[in-house]
Number of protein chains: 2
Amino acid sequence: MSITIKDIAKFAEVSTSTVSLVISGKGYVSNDTREKVQKIIDEYNYKPLRSAQQLASSQTGNIGFIISDIHLSRSEAFYSRILLGAELEARNHDMYILLSTVGAKIDIPHGVPRFLNNHDVDGIIIAGSVPVDLVYCIRDLKIPTVLIDYRVDGVDFDSILMDNRNGVQQIINHLISNGITKIGFVGGSFYHPSIKERFEGYQIALVNNNLGHIAQNEDYHYLIDYETSVECGDRGLAILLKKVPELEAVICVNDTTATGCLQYLKRIDKSAPKDIKVTGFDNVNFSAFTNPPLTTVNVPKVQMGVEGLKLLIDRIQNGISVHQTRLIPVELVVRESTFLTDTNND
Amino acid sequence: MSITIKDIAKFAEVSTSTVSLVISGKGYVSNDTREKVQKIIDEYNYKPLRSAQQLASSQTGNIGFIISDIHLSRSEAFYSRILLGAELEARNHDMYILLSTVGAKIDIPHGVPRFLNNHDVDGIIIAGSVPVDLVYCIRDLKIPTVLIDYRVDGVDFDSILMDNRNGVQQIINHLISNGITKIGFVGGSFYHPSIKERFEGYQIALVNNNLGHIAQNEDYHYLIDYETSVECGDRGLAILLKKVPELEAVICVNDTTATGCLQYLKRIDKSAPKDIKVTGFDNVNFSAFTNPPLTTVNVPKVQMGVEGLKLLIDRIQNGISVHQTRLIPVELVVRESTFLTDTNND
DNA sequence: TAATAATGTAGAAACGCTTCGATATTATTA
DNA sequence: TAATAATATCGAAGCGTTTCTACATTATTA
């Protein structure tokens, strides 16, 4: 039917093993032979059949990407950008990504993504929080795994994290250097490590600036809702302002929550930055288009996906023994929700 | 290493071919034998190796899912719900989904999703609009293909569409039966067929209600922006109200755009439904949480993914000759952005 | 009851690749 | 210069399935 490695070998007048070596780049092949074979391959646009490669090499060429369905459909493109980055890098290694969403509750072992039980992946990426039972299950499977924007205490995985604490510190320095000190925090519960880290960054930065009394004062903190959402921000700022009417700024755990704060301000006929400074986190695509545009922290989402896949490939191919954590730097993006400026800051 | 079909055959004291027949459910196997073999399979938790199956059967067991990167990251979980549905149904057929995003421009044939050139999929789902060149390319490849929420004039594919015209008609009937007639439309350009259909539905419904003059009056229509977005709705309603101050209702092409209208109303110190009725379309997850909650049209997104995959499987397995279009019914969801009610309508 | 059809099972040949030796040639070292 | 190492190529085995063919056995039909 289609053209096979045998055909190429015949046309190039070499053995199939030589063709295979040329394709994989392994072993010894003379330059002359390599070029001759490559020319034939190109001429016939030959692509080795994946299933045959897989069967012979006992590698699947697939990466399993696990994400909670909530994250995928609610988190405003944050995780889908990570997926995008992973896919981008997967192409460079000629691998495919098998996507699987998981619910908040899954029963082990029947409810786990199929590719786990079926041995259909060479490695796994977990993006964002998933049920811990699943994490334990995957650890026991001993499949190479990388966590992106997630970690589980007591489980030692390679991971890609963003520097949440530093990001919030940048925000706080930005506020304090402009004379703002009465700074509140609106977030979600600590079900996700990033939320916890952002709040910790908030507390540390305040303490470092001799504002420990605010860092400790629960009136300044709204950390109740399980999921972060627009409504969470709306409700959160309302409650904070009731307790602390003199609040000067509110740091939101992410851009979505910050949108909620802006919404609340508008409802009570106030606005940022005039009455109160509002900041977000993540720099998702809509954050430049809120009214006013959000000061936030840019998280290189696509790059996190790329790095995650690179790390995973590294482990699959080289089986490095010690687990790595890569902390991705983040960067303050100043827009008008904190201070009106003349300079255009994109 | 792992357990193979040979092991199962040995333990069950049958041939490998019999085991294979039991697994696939094809051919003739006596009940006794079937049960005996199945018991062994279960006992050892045996799963056939995909690559071997694929090689022997020359089927990949994969479905390619193509979506524009804009759709994936901007369209508020609409398309990711479709993806979810497709994945759900893929599981029932023990197939995997290979996801590929494409940009607004791609060069044929090098920029097309890899799985096309590499013969790594048995069929393709295209969700939402993609470059037409890609559609032509896929047609020429003669791979079974299903379009979901998209169509291209002159290309005959199986497709899953939603009943956009009927949805808008339901909205208009809802408005008119409550005495509202001065109804505007805010949408995007017609790059996507659904946008065009929704506008057509708007016009048809008006004509049917003896409101043809409004259907024809361009002052009532904002159809400029390429992408539908919050800003598009904000800007659109502003312009409409300038031209038609007595406007009573605005039908938005989707929930995102409707959100923009609500935003604009708030800015000019007006609100829905008091000053003007606002409706959306799609019923995405946030539409129940806007302020006020949006009257909209529910589109069964997950079901569309499921149906798309079913149709695709049908074509792959049975090679049905005539192309099918399945029109998915939609349903009006009345919330408070049109009329304040006593009844709770979820 | 004899011929035919349906049912049930097994053996072995693919499927298209990778990789392990084996062998031959060339380069390097002692 | 002889022994060894590095380079280059090939043939063939093997990866774990599916499926074709052959051969029995049992059920159905004339």
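Reminder, nothing fancy here: chain letters follow the sequence lines and each chain counts from 1.
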Side chains of residues 49-65 of chain B: which donor-acceptor partners sit under 3.5 Å, not counting sequence neighbours?
residue, atom, partner, partner atom, Å
Arg50(B), NE, Asp120(A), OD2, 3.2
Arg50(B), NH2, Asp94(B), O, 2.4
Ser57(B), OG, Gln53(B), O, 2.7
Ser57(B), OG, Gln59(B), N, 3.4
Thr60(B), OG1, Asn62(B), N, 3.0
Thr60(B), OG1, Asp120(B), O, 3.4
Thr60(B), OG1, Asp122(B), N, 3.3
Thr60(B), OG1, Asp122(B), OD1, 2.9
Thr60(B), OG1, Asp122(B), OD2, 3.4
Asn62(B), ND2, Asp120(B), O, 3.1

Run the side-chain donor-acceptor check on residues 130-146 of chain A: report pairs under 3.5 Å with partners two or more places apart or on a different chain.
residue, atom, partner, partner atom, Å
Thr145(A), OG1, Ile143(A), O, 2.8

Under a 4.0 Å heavy-atom criterion, the protein footprint on nucleotides 17-23 of chain D, written with B, S and -, is BBB----
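Sorted by first and then second residue, the side-chain hydrogen bond (donor to acceptor under 3.5 Å, both in side chains) pairs involving residues 103-115 of chain B (not counting sequence neighbours) are Glu87(A)-Arg114(B). Sorted by first and then second residue, the salt bridge (charged side-chain N to carboxylate O under 4.0 Å, His left out) pairs with a member in residues 9-22 of chain A form an empty list; sequence neighbours excluded. Contacts classified as salt bridge (charged side-chain N to carboxylate O under 4.0 Å, His left out) and involving residues 17-35 of chain A (residues at least two apart or in different chains) are not found. Within the structure, the side-chain hydrogen bond (donor to acceptor under 3.5 Å, both in side chains) test picks out the following pairs touching residues 306-315 of chain B (sequence neighbours left out): Asp158(B)-Arg315(B), Glu307(B)-Arg326(B), Asp314(B)-Asn318(B).
Taking a pair to require two hydrogen-bonding distances under 3.5 Å in either a Watson-Crick or a G-U wobble arrangement, dA30(C) pairs with dT1(D).
Nucleic acid contact class of Gln59(B) (heavy atoms, under 4.0 Å, all strands): none.
Every residue was checked against the salt bridge (charged side-chain N to carboxylate O under 4.0 Å, His left out) condition with Glu89(B), not counting sequence neighbours, and none meets it. Listed by chain and residue number, His71(B), Ser129(B), Ser189(B), Ile195(B), Tyr226(B) satisfy the side-chain contact (heavy atoms from CB on, under 4.5 Å) test with Tyr191(B) (two or more places apart in sequence, or in another chain). Applying the side-chain hydrogen bond (donor to acceptor under 3.5 Å, both in side chains) test to Thr325(A) and every residue at least two apart in sequence or in another chain returns Ser159(A).
Less than 4.0 Å separates DNA chain C from at least one heavy atom of each of the following residues of residues 27-43 of chain B: Tyr28(B), Val29(B), Ser30(B), Thr33(B).
Under 3.5 Å, the side chains of Thr33(B) and Ser30(B) contain a donor-acceptor pair of N or O atoms.
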Which atom pairs link the protein and nucleotides 3-5 of chain D when you take only N or O atoms and keep those under 3.5 Å?
none

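Separating the NE2 atom of His119(B) from the P atom of dC17(C) is a distance of 11 Å, rounded to the nearest angstrom.
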